[in-house]
S.K.: 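Structure in structure tokens, see below.
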Amino acid sequence: MTTPNVSNDLAKTYDPAAVEGRLYAHWEASGFFHEEPDPARPPFIIAMPPPNVTGRAHLGHGSTYTPMDVLTRYHRMLGDNADWLPGLDHAAIATEAVLVRELAKEGIARDALGRQGFIDRAWEWSRTYGGTINEQFRTLGFGPDWQRERFTMDEGLSAAVRKVFVELYREGLIYRGKRLINWDPKGKTTVSDAEVDHVERDAHLWHVRYPAKDGSFSITVATTRPETMLGDTAIAVHPDDERYATLIGKHVCMPLTMREIPVIADSAVESGFGTGAVKVTPAHDPTDYEIGQRHDLPMPSIMDFDARISGAEIDVGAYGGLERYEARARIISDLRASGHLVKEEPYRHAVAISERSGEVIEPLLSLQWFVKMKPLAEPALQAYRDGRLRFVPERYGRTYETWLENIRDWNISRQLWWGHQLPVWYTPAGDVIVAETEEEARETAKRRFDTLELTRDPDTLDTWFSSGLWPFSILGWPEKTPELACWYPSQVLITGWEIIFLWVARMVMLGLHFVGQVPFPTVFISPLVFDAQGRKMSKSLGNAIDPMDLVGRFGADAFRMGILRQMRLEGQEIRFQESRCEEARNFNNKIWNATRYLLALPEGLPRAMTLPKPSELTLADRWILTRLHDTIEEMSRLFDAFDFGNAAETIWRFVWYEFCDWYLEATKAEPNRATRAAVMSFVWNNAMRLLHPIAPFITEEVWLALPHDGATIMTATWPDPFEVPVERAAADAFAALQRTVERVRNLRSEMGLAPKQPLTLLVPGNVPNDLAALLALFTVGTLERTAETGASLEEALGAVEGRAPLELLVERYRKEAIRLRAEVERGERKLGNEQFIAKAAPDVVTKEREKLDGYRIELQKVEAALAATGERV
RNA sequence: GUGCGUGUAGCUCAGUGGGAGAGCACCACCUUGACACGGUGGGGGUCGUAGGUUCAAUCCCUACCACGCACACCA
């Protein structure tokens with residue numbers, strides 16, 4: 001007789017804080033995350049989307065970066081040449097904004113500091129605070145190859161940026177031009193179309209009358225932006241609009257300065273909206289710009305980069321110098337006074353907002369640099385259409401396609417200091433020199449323009465320009481490195497759908513153009529994280545959850561499991577529930593205690609991965625091994641399909657509801673003790689490996705405590721289903737046993753028996769002893785053998801009954817008979833339907849027959865039992 | 001306006017052309033060789049509404065309603 005001997009080494013409650021930091025430091029110091037290119041093995045490469053250097057971990061990283069870590073760990077265990085390549089993005093606008101704020105606190109203006117001083121500060125700041133998010137990633141258990149960490153402003157990556165710029169320029173795909181751009185008056189820079197949001201806002205629609213000079217007629221237009229009237233160069237109406245047909249070609253006066261402008265016809269005008277006539281301000285509105293181009297209209301700018309009215313190009317009357325909203329108010333009041341304001345109505349419409357600063361975008365005409373997109377987009381579309389690039393879920397492919405089909409040129413110059421300065425120089429005569437280095441620029445200047453006096457373009461490149469090169473720039477491109485040879489293209493890109501345009505499409509275009517292959521064959525789009533009510537998480541709403549806080553309370557493993565279990569393959573959002581992390585913490589505790597039980601088995605554990613002879617395996621052994629086999633196949637399938645939610649659910653079920661609830665309990669019965677140590681050790685070792693990609697820490701801790709081979713579970717092999725014996729018949733028999741146990745437990749409960757009060761079990765003689773013992777164990781029953789019943793084990797188990805008070809049994813039998821009669825009736829109705837027999841699939845009909853037969857037999861039995869009790873009454 | 005997604009138990013969500021599921025919450029009982037961050041049992045849903053296809057619809061189709069998202073030059 002052995003007494004329980006729970007290992008004193010292991011606390012009763014799992015404490016992630018005591019494990020996670022220690023293991024991570026060990027992994028990193030041991031170089032387990034690092035990998036060298038190895039053409040002999042299949043590559044599994046993920047380029048980490050570089051977080052902003054200003055960034056902090058948020059729940060979105062849970063849903064996008066956890067899957068990357070999971071897949072990298074999974075493929076490493078599969079023996080692939082797996083590497084996850086990390087890095088940071090210099091995040092021009094965001095970083096510059098942070099710095100400007102910091103400087104303001106010290107009372108320093110950006111311009112006073114000067115360009116070089118500012119950049120020095122930015123570098124200093126990046127080095128000091130920029131690593132924060134990487135530390136947080138370590139806390140979350142993310143294991144990228146830190147030795148390969150890159151920064152978009154690194155010298156190598158910057159050289160790649162310059163090379164790409166120069167090549168695109170020489171190919172005519174980058175050009176400089178005066179175009180209408182999106183100006184962010186707060187960030188004091190241009191932003192690309194992809195960085196502009198359209199937000200519904202309450203505003204006004206003002207109807208303004210434009211009179212003819214002689215007063216013989218007038219035209220009224222509707223506008224939401226009266227301040228732009230100063231730059232009007234035409235009034236447009238639809239060519240088919242009869243109301244205005246006679247006025248086309250005539251002139252009216254813009255009432256603020258009484259400047260004459262023509263009335264023109266353009267089909268872009270909707271006659272049904274407003275008055276059917278529209279003012280045209282080509283320099284300050286995208287539609288008007290196009291109309292202006294079609295009609296060759298003058299395009300005077302009336303607003304400067306501070307969003308103030310400016311008379312530099314045209315007479316703006318008394319409004320010069322006014323801020324745009326002041327000007328609007330003044331103009332409205334003047335128009336009202338002069339009788340030109342006909343009508344004023346509240347109006348809700350979409351306003352263009354800078355994604356970054358939240359400021360209302362001002363469309364301005366400005367000399368900027370652009371990338372010609374159509375020639376780049378075409379191959380990127382082709383790659384998608386012929387299947388070289390696919391999206392998971394598929395529907396996001398259509399988003400990508402639509403965007404590329406309608407793509408417009410990309411404004412890439414930014415009026416910021418922090419970023420890659422354009423490799424562009426100008427001679428005093430205004431000649432443009434584009435070169436990879438200043439030396440090269442000087443040589444060209446000397447040779448072609450006979451000058452050495454050069455001014456470099458002060459602008460920097462859109463951050464996404466360097467991010468677009470990420471998949472190959474981090475591998476050393478344009479050098480022909482082993483990394484580039486082995487690891488480009490990568491295997492999958494994982495990101496959120498909000499940056500398909502900003503980033504994914506651009507990587508595909510530039511990757512195809514410069515390396516000749518799509519940078520990744522598959523894009524997995526992970527869901528965005530919202531709060532439990534479906535609201536976006538934000539600081540202002542106060543509903544933001546800090547992952548670090550969750551890790552502190554539940555552990556990194558629980559955080560990862562908690563969020564993965566909420567992921568659904570087709571879902572576009574997660575309504576995050578913190579309780580899922582708590583459940584996962586409980587799950588880990590379950591694992592911990594099952595491990596304590598296992599380690600405390602009095603007989604001890606054998607060498608790793610040694611199973612008893614097949615003939616010695618008990619029914620429970622065969623069942624759990626079969627379940628393990630199926631779980632391994634399922635986990636591999638689900639990881640391969642990016643179905644992380646179901647993967648998490650699958651291993652959860654196996655570990656908790658099968659291994660702990662049934663198998664571990666079964667090992668407490670005498671007939672199962674001989675083989676249990678080996679089988680449990682084997683199964684648990686496999687289970688930890690299956691769970692490791694999701695919960696790296698606890699699995700390592702447990703695996704190391706179990707008999708194992710190797711230094712770390714990280715490089716242990718992924719479980720192989722062929723190493724696990726399968727026995728369907730035994731698995732089915734055990735499942736029948738489970739159903740019987742549940743039935744008897746229900747009876748106990750109805751009898752009001754306390755869990756420890758024994759119940760007499762009436763077990764047919766043809767139920768084998770080991771099964772009978774399990775029944776007794778699971779139901780706290782004492783066995784009483786009865787006559788053999790039924791031909792199969794299932795039938796015999798179906799006949800197992802507990803000895804209960806007569807009234808109770810009668811009641812149960814009655815209820816059971818009612819249920820069964822309903823089932824029989826339903827089956828008979830179905831099978832009595834000739835249409836069903838004739839048209840339904842044969843196997844469906846057969847199954848239905850078998851079901852009906854089964855119900856009939858059960859019903860007979862129950863009715864017989866009922867009758868028998870009746871006789872005894 | 002166009003396109004996409006979602007409506008299933010009180011909550012968050014799985015799922016299937018042929019007997020409605022999980023977790024949490026709730027109720028009852030329980031310190032059973034590890035675990036109360038635990039065990040066992042239980043109650044609870046006309047599967048958004050209305051049609052259609054089908055022998056059979058929660059699942060497929062159509063319309064509508066509600067919510068969310070993306071795109072869009074209606075000033």
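Each chain gets a letter, A, B and so on, in the order its sequence line appears, and its residues count up from 1. On a predicted model such as this, the values are computed, not experimentally measured, just so you know.
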S.K.: Counting the atoms with a prime plus P, OP1 and OP2 as sugar-phosphate, which does A:Val280 contact under 4.0 Å by heavy atoms, base, sugar-phosphate, or nothing?
M.R.: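 Counting heavy atoms under 4.0 Å across all strands, no contact is made by A:Val280.
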
S.K.: Work out how far the C1' atom of B:G45 is from that of B:A22, and round it to whole angstrom.
M.R.: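 The same atom, C1', in both gives a distance of 14 Å.
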
S.K.: Indicate yes or no: does A:Arg821 engage A:Glu828 in a salt bridge with an N to O separation below 4.0 Å.
M.R.: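 Looking at A:Arg821 and A:Glu828, the cut-off is not met.
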
S.K.: Can you check the distance between B:A14 and B:A75, where both ends of the measurement are the P atom (answer in whole Å)?
M.R.: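 The answer is 37 Å between these two P atoms.
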
S.K.: Where along nucleotides 53-61 of chain B does protein come under 4.0 Å, by heavy atom, of base (B) or sugar-phosphate alone (S), with - for untouched nucleotides?
M.R.: --B------

S.K.: Among B:C13, B:G33, B:U12, which nucleotide has an atom closest to any side-chain atom of A:Arg580?
M.R.: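 Closest nucleotide among those given: B:U12.
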
S.K.: Quick one: do A:Glu816 and A:Arg819 make a salt bridge, cutoff under 4.0 Å?
M.R.: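 Counted as a salt bridge, because a side-chain N and a carboxylate O are separated by less than 4.0 Å.
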
S.K.: Considering Watson-Crick and G-U wobble pairs with both distances under 3.5 Å, what does B:A50 pair with?
M.R.: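 WC or wobble partner is B:U62.
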
S.K.: Give the nucleotide from the list B:C35, B:A75, B:G68 with an atom nearest to the side chain of A:Glu573.
M.R.: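 Selected nucleotide (nearest to the side chain): B:G68.
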
S.K.: Which is true for A:Arg819 with a 4.0 Å heavy-atom rule: it touches a base, it touches only sugar-phosphate, or it touches nothing?
M.R.: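 No contact.
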
S.K.: For A:Glu649 and B:C13, give me the distance from atom CD to atom P, rounded to whole Å.
M.R.: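 In whole Å, B:C13 P lies 14 Å from A:Glu649 CD.
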
S.K.: For B:A9, which nucleotide in any strand shown is its Watson-Crick or wobble partner with both distances under 3.5 Å?
M.R.: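 The answer is none; no pair meets the criterion.
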
S.K.: Could you work out the separation of B:G7 and B:G48 based on their P atoms and round it to a whole Å?
M.R.: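 Approximately 8 Å lies between the P atom of B:G7 and that of B:G48.
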
S.K.: Just call it for A:Arg653: base, sugar-phosphate, or nothing, with non-hydrogen atoms closer than 4.0 Å on any strand.
M.R.: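 Counting heavy atoms under 4.0 Å across all strands, the contact made by A:Arg653 is with sugar-phosphate only.
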
S.K.: What's the CD-P distance between A:Glu200 and B:A70, to the nearest Å?
M.R.: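 Going from A:Glu200 (CD) to B:A70 (P), I get 12 Å.
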
S.K.: Step through it carefully: locate the ring centre of A:Tyr347, locate the ring centre of A:Trp206, and say whether they are under 6.0 Å apart.
M.R.: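 No, too far apart.
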
S.K.: B:C13 C1' sits how many Å from A:Leu564 CG, rounded?
M.R.: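 Computing the A:Leu564:CG to B:C13:C1' distance gives 16 Å.
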
S.K.: If you measure from the Lys or Arg side-chain nitrogens to the Asp or Glu carboxylate oxygens, is any gap between A:Arg575 and A:Glu573 under 4.0 Å?
M.R.: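 A salt bridge is present here (some side-chain N lies under 4.0 Å from a carboxylate O).
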
S.K.: For A:Phe778, answer base if it contacts any base atom (sugar-phosphate contacts may also be present), sugar-phosphate if it contacts only those atoms, and nothing otherwise; contact means non-hydrogen atoms under 4.0 Å.
M.R.: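 Result for A:Phe778 = nothing.
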
S.K.: What string of B, S and - do you get for nucleotides 36-47 of chain B 5' to 3' if you count protein non-hydrogen atoms under 4.0 Å?
M.R.: SBSSSSS-----

S.K.: Check the side chains of A:Arg596 and A:Asn593 for a donor-acceptor pair under 3.5 angstrom, ignoring hydrogens and angles.
M.R.: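 A pair is found: one side chain offers a donor N or O, the other an acceptor, under 3.5 Å apart.
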
S.K.: Does a salt bridge link A:Arg398 with A:Glu401, judged by any charged N lying under 4.0 Å from a carboxylate O?
M.R.: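 A:Glu401 and A:Arg398: not salt-bridged.
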
S.K.: Using whole Å, report how far OH of A:Tyr400 lies from C1' of B:G3.
M.R.: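 The answer, rounded to whole Å, is 19 Å.
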
S.K.: Counting side-chain heavy atoms from CB outward, which of B:U12, B:A72, B:G33 is closest to A:Tyr597?
M.R.: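 For the A:Tyr597 side chain, the nearest candidate turns out to be B:G33.
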
S.K.: So does A:Pro527 get a backbone contact from the side chain of A:Ser63, meaning a donor-acceptor N/O pair under 3.5 Å?
M.R.: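 Yes: the side chain of A:Ser63 pairs with the backbone of A:Pro527.
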
S.K.: Sort out the partner of B:C26 for me: Watson-Crick or G-U wobble, both distances under 3.5 Å, none otherwise.
M.R.: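 Result: B:G42.
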
S.K.: Would you mind classifying the nucleic acid contact of A:Gln566 as base, sugar-phosphate or nothing, using non-hydrogen atoms under 4.0 angstrom?
M.R.: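 The residue A:Gln566 makes no contact with any strand.
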
S.K.: Select one nucleotide: of B:C73, B:A75, B:A34, the one nearest the side-chain heavy atoms of A:Val269.
M.R.: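 When the side chain of A:Val269 is considered, B:A75 is the closest of B:C73, B:A75, B:A34.
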
S.K.: For atom P, what is the distance between B:C59 and B:A72, given to the nearest Å?
M.R.: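 Taking atom P in both B:C59 and B:A72, they lie 35 Å apart.
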
S.K.: Does A:Arg849 contact B:G18 through a side-chain donor or acceptor facing the base, at a distance under 3.5 Å?
M.R.: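 For A:Arg849, whose side chain was compared with the base of B:G18, there is no donor-acceptor pair (under 3.5 Å).
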
S.K.: Please work out which of the three classes, parallel, tilted or perpendicular, describes the rings of A:Trp656 and A:Trp652, given edges at 30° and 60°.
M.R.: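 Parallel.
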
S.K.: At under 4.0 Å between heavy atoms, what does A:Leu664 touch on the DNA or RNA strands: base, sugar-phosphate, or nothing?
M.R.: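 Base: the residue A:Leu664, judged by heavy atoms under 4.0 Å, touches a nucleobase.
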
S.K.: Which whole number of Å gives the distance between the C1' atom of B:G44 and that of B:C24?
M.R.: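 It comes out at 14 Å once rounded to the nearest Å.
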
S.K.: Which one, B:A14, B:G5, B:G23, comes nearest to the side chain of A:Gln577?
M.R.: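 Per side-chain heavy atoms of A:Gln577, the pick is B:G23.
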
S.K.: Rounded to whole angstroms, how far apart are CD on A:Gln293 and C1' on B:C73?
M.R.: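 Answer to the nearest Å: 13 Å.
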
S.K.: More 5' along RNA chain B: A:Arg565 or A:Cys660, using each one's nearest nucleotide?
M.R.: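 It is A:Arg565 whose nearest nucleotide is closer to the 5' end.
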
S.K.: Any strand is fair game: report the nucleotide pairing with B:A20 by Watson-Crick or G-U wobble, both distances under 3.5 Å, or none.
M.R.: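 Checking every strand shown, B:A20 finds no partner, since no pair has both distances under 3.5 Å.
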
S.K.: Under 4.0 Å between any heavy atoms, over every strand shown, what does A:Lys756 touch: base, sugar-phosphate, or nothing? Just pick one.
M.R.: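 If one applies the 4.0 Å heavy-atom cut-off, A:Lys756 turns out to touch the sugar-phosphate alone, with no base involved.
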
S.K.: Applying a 4.0 Å non-hydrogen cut-off, can you work out what A:Lys847 is touching in the nucleic acid: base, sugar-phosphate, or nothing?
M.R.: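 Answer is nothing: A:Lys847 stays at 4.0 Å or more from every strand.
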
S.K.: Taking only Lys NZ, Arg NE, NH1 and NH2, and the carboxylate oxygens of Asp or Glu, determine whether A:Arg745 and A:Glu742 approach each other closer than 4.0 Å.
M.R.: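 Result for this pair is no, no salt bridge flagged.
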
S.K.: Look at A:Glu582 together with A:Arg585 and state whether they make a salt bridge at an N to O cut-off of under 4.0 Å.
M.R.: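 Yes.
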
S.K.: What's the CZ-P distance between A:Arg568 and B:G23, to the nearest Å?
M.R.: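 One finds 13 Å between P of B:G23 and CZ of A:Arg568, rounded.
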
S.K.: Using a 4.0 Å heavy-atom cut-off, does A:Glu848 contact any base of the nucleic acid, only the sugar-phosphate backbone, or nothing at all?
M.R.: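 Touches sugar-phosphate only.
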
S.K.: My understanding is that a pair needs two contacts under 3.5 Å, Watson-Crick or G-U wobble. By that rule, which nucleotide pairs with B:C37?
M.R.: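 Its partner is none (no Watson-Crick or G-U wobble pair with both distances under 3.5 Å).
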
S.K.: Round to a whole Å and report the spacing from CD of A:Glu570 to C1' of B:G7.
M.R.: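 Computing the A:Glu570:CD to B:G7:C1' distance gives 16 Å.
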
S.K.: Using a strict threshold of under 4.0 Å (side-chain N to carboxylate O), is an ion pair present between A:Glu603 and A:Arg673?
M.R.: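 No salt bridge links A:Arg673 with A:Glu603.
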
S.K.: If you only use heavy atoms from C-beta on, which nucleotide in B:G33, B:C13, B:A34 is closest to the side chain of A:Pro602?
M.R.: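 Given the options B:G33, B:C13, B:A34, the side chain of A:Pro602 is closest to B:G33.
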
S.K.: Describe the nucleic acid contact of A:Arg748 in one word from base, sugar-phosphate, nothing, applying a heavy-atom distance below 4.0 Å.
M.R.: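 Result for A:Arg748 = nothing.
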
S.K.: So A:Trp497, base contact, sugar-phosphate only, or nothing? Heavy-atom distance under 4.0 Å.
M.R.: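 Here A:Trp497 touches the backbone only, sparing every base.
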
S.K.: Could you check whether any side-chain N or O of A:Arg324 sits under 3.5 Å from a backbone N or O of A:Glu227, counting only pairs where one atom can act as donor and the other as acceptor?
M.R.: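 Side chain of A:Arg324 to backbone of A:Glu227, a donor-acceptor pair under 3.5 Å: no, none is there.
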
S.K.: Look at the side-chain N and O atoms of A:Tyr347 and state whether any lies under 4.0 Å from the OP1 or OP2 oxygen of B:C74.
M.R.: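 Answer is no, no contact under 4.0 Å.
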
S.K.: Check whether A:Phe659 forms a cation-pi arrangement with A:Lys590 (NZ or CZ under 6.0 Å from the six-membered ring centre, at most 45° off the ring normal).
M.R.: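 No cation-pi geometry.
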
S.K.: I want to confirm an ordering. Mapping A:Lys668 and A:His198 to their closest nucleotides on RNA chain B, which one lands closer to the 5' end?
M.R.: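 Checking each residue's closest nucleotide, the 5'-ward one belongs to A:Lys668.
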
S.K.: In the strands shown, is B:A56 matched to any nucleotide by a Watson-Crick or G-U wobble pair with both distances under 3.5 Å, and which?
M.R.: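 With both distances under 3.5 Å required, B:A56 matches none.
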
S.K.: Between B:C29 atom P and A:Leu753 atom CG, what is the distance in whole Å?
M.R.: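 Whole-Å distance recorded here is 14 Å.
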
S.K.: Which one is paired to B:C4, where only Watson-Crick or G-U wobble pairs with both distances under 3.5 angstrom count?
M.R.: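 Looking at the geometry, B:C4 pairs with B:G68.
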
S.K.: Once you apply the 3.5 Å cut-off to both distances, tell me the Watson-Crick or G-U wobble partner of B:A14, or none.
M.R.: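 Checking every strand shown, B:A14 finds no partner, since no pair has both distances under 3.5 Å.
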
S.K.: If you count heavy atoms of other groups shown closer than 6.0 angstrom to CD of A:Glu394, is the number above 12?
M.R.: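 Not more than 12 within 6.0 Å, no.
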
S.K.: Look at the side chain of A:Asn646 and decide which nucleotide, out of B:C4, B:C35, B:A14, has an atom nearest to it.
M.R.: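 Among B:C4, B:C35, B:A14, the one nearest the side chain of A:Asn646 is B:A14.
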
S.K.: Could you tell me how far B:C35 sits from B:U40 if I compare only their P atoms? Round to whole Å.
M.R.: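 Here B:U40 and B:C35 have their P atoms 15 Å from each other.
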
S.K.: Determine the interatomic distance between C1' on B:A34 and the same-named atom on B:G5; round to the nearest Å.
M.R.: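 45 Å, rounded to whole Å.
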
S.K.: Considering only atom P, compute the distance from B:C55 to B:G41 and round it to an integer number of Å.
M.R.: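 Approximately 42 Å lies between the P atom of B:C55 and that of B:G41.
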
